[in-house]
Amino acid sequence: MLIKVGEDRTSNIDLVLAGLLSSMAGALNAVGFLIGGSFTANMTGNISASADYLANGAFLISLSFMGLVAAFICGAVAAALAIQTGERRQVRSIYALAITVEAVILLLLGIALAVSALDLDETFLVVILSFVMGLQNAVTTMISRARVRTTHVSGMATDIGIELAALVGSVSMRRDAVPKLKLHSLTLVCFAIGGVGGALLFQVVGSWLFVFAAVVLLLIAVPEALRARRN
């Protein structure tokens, strides 16, 4: 799931990757909203909010939303640079290692919040979550050659509409549209389910949710990294 790249990947591998990581993205996006009133995976909404506040003269609030966008981009840049370096050096586990880094960040964040008396600023928390979302989306985009985007729900909804229209087209159009429709529909549904689950779980366990998310990501990434090394 985190080893084969581009055309070497099957549709089933992409489906599993999209389902698992879009669920995580949905959960973290929902928790980011509950913590700081901002969506950490929704850059379209953040840019729109920044523009609205800027138009109303609330410059500092506008900048805070742009800060989330900048954090998301920085996460994507960090992941892309690491992956490019890993691919040049033929490190087959680089994608799994990138997801492991995401898990470690969430693990440290969750432990810091849940165990210690550390009182982190809400803005800092959502910035970290935006960075993590950018990192994850870059990993899934690069490993699938842009077929899988786990935080890009607006794009998924658009693609679903295009693919539904293709179903009334020619045989070749229907043949090409069906696997894409499955992938994009699964991504959207899992993102929504993850959001509901994340919001409910956060109300019960609080900051331990970050630890739970980190453990899930480690269970996904670490075996893949070890398998890549063995092969």
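Because only heavy atoms are used, hydrogens play no part in the values below, and waters and symmetry mates are left out as well, while side chains stay in.
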(request) Start with the C-alpha distance between Arg175 and Val171, add both sets of side-chain angles, then the distance that settles side-chain contact (heavy atoms from CB on, under 4.5 Å), and finish with yes or no. (result) CA-CA 6 Å; Arg175 184 175 59 250; Val171 174; 4.1 Å; yes

With [X] via salt bridge (charged side-chain N to carboxylate O under 4.0 Å, His left out) - residues at least two apart:
X: Glu163; value: none
X: Arg147; value: Glu7, Asp14
X: Arg174; value: none

(message) Using side-chain heavy atoms (C-beta onward) and a distance below 4.5 Å, is Val153 in contact with Asn42?
(response) no

Looking at [atom1] of [X] and [atom2] of [Y], how far apart are the two atoms once the value is rounded to the nearest 0.5 Å?
X: Ser22; Y: Met156; atom1: OG; atom2: CE; value: 9.5 Å
X: Met43; Y: Met133; atom1: CE; atom2: CE; value: 9.5 Å
X: Ser23; Y: Ile193; atom1: OG; atom2: CD1; value: 6.5 Å
X: Leu135; Y: Phe131; atom1: CG; atom2: CZ; value: 5.5 Å
X: Ile143; Y: Met1; atom1: CD1; atom2: CE; value: 8.5 Å
X: Leu113; Y: Leu209; atom1: CG; atom2: CG; value: 11.0 Å

(message) Can you give me the closest heavy-atom contact between Gln136 and Leu21, atom names plus distance?
(response) NE2-O, 2.9 Å

(message) Show the nearest heavy-atom pair for residues Leu68 and Ser38, with the distance to one decimal.
(response) CD1-CB, 3.4 Å

In residues 91-107, what donor-acceptor pairs under 3.5 Å come from side-chain atoms, sequence neighbours left out?
residue	atom	partner	partner atom	Å
Tyr95	OH	Glu87	OE2	2.4
Thr100	OG1	Ala96	O	2.8

For [X], what residues pass the side chain to side chain contact (heavy atoms under 4.5 Å, CB included) criterion, not counting sequence neighbours?
X: Thr123; answer: Asp121, Val127
X: Leu164; answer: Ile160, Leu167, Leu181
X: Asn12; answer: Thr10, Leu15

(request) Let me see the working for Arg9 and Leu17 under side-chain contact (heavy atoms from CB on, under 4.5 Å), right down to the final yes or no. (result) CA-CA 11 Å; Arg9 300 174 63 81; Leu17 180 69; 3.3 Å; yes

Would [X] and [Y] show up in the same hydrophobic cluster when neighbours are defined by side-chain heavy atoms closer than 4.5 Å?
X: Val16; Y: Leu218; value: no
X: Ile220; Y: Ile13; value: yes
X: Leu108; Y: Leu125; value: no
X: Leu81; Y: Val139; value: yes
X: Leu186; Y: Val189; value: no

(request) Return each pair, listed once, that meets ring-ring contact (aromatic ring centres under 6.0 Å, His included) where at least one residue sits in residues 167-226; pairs must be two or more places apart or across chains. (result) none

(message) Taking transitive links into account, so neighbours of neighbours count too, which hydrophobic residues share a cluster with Met173 at under 4.5 Å side-chain distance?
(response) none

Donor-acceptor contacts under 3.5 Å from residues 59-67 side chains, at least two apart:
residue	atom	partner	partner atom	Å
Ser62	OG	Ser50	O	2.8
Ser62	OG	Ser50	OG	2.9
Ser64	OG	Ile61	O	2.5

(message) Tell me which pairs pass side-chain hydrogen bond (donor to acceptor under 3.5 Å, both in side chains) where either residue lies in residues 214-230, with sequence neighbours left out.
(response) Glu224-Arg227

(request) For Arg149 and Thr141, indicate whether the former's side chain and the latter's backbone hold a donor-acceptor pair under 3.5 Å. (result) no

(message) Tell me whether Thr140 contacts the main-chain N or O of Asn137 through its side chain, where contact means a donor paired with an acceptor under 3.5 Å.
(response) yes

Could you go through residues 26-35 and list every donor-acceptor pair under 3.5 Å that involves a side-chain atom there, pairing it with any protein atom two or more places apart or in another chain?
residue	atom	partner	partner atom	Å
Asn29	OD1	Thr40	N	3.0
Asn29	OD1	Ala41	N	2.8

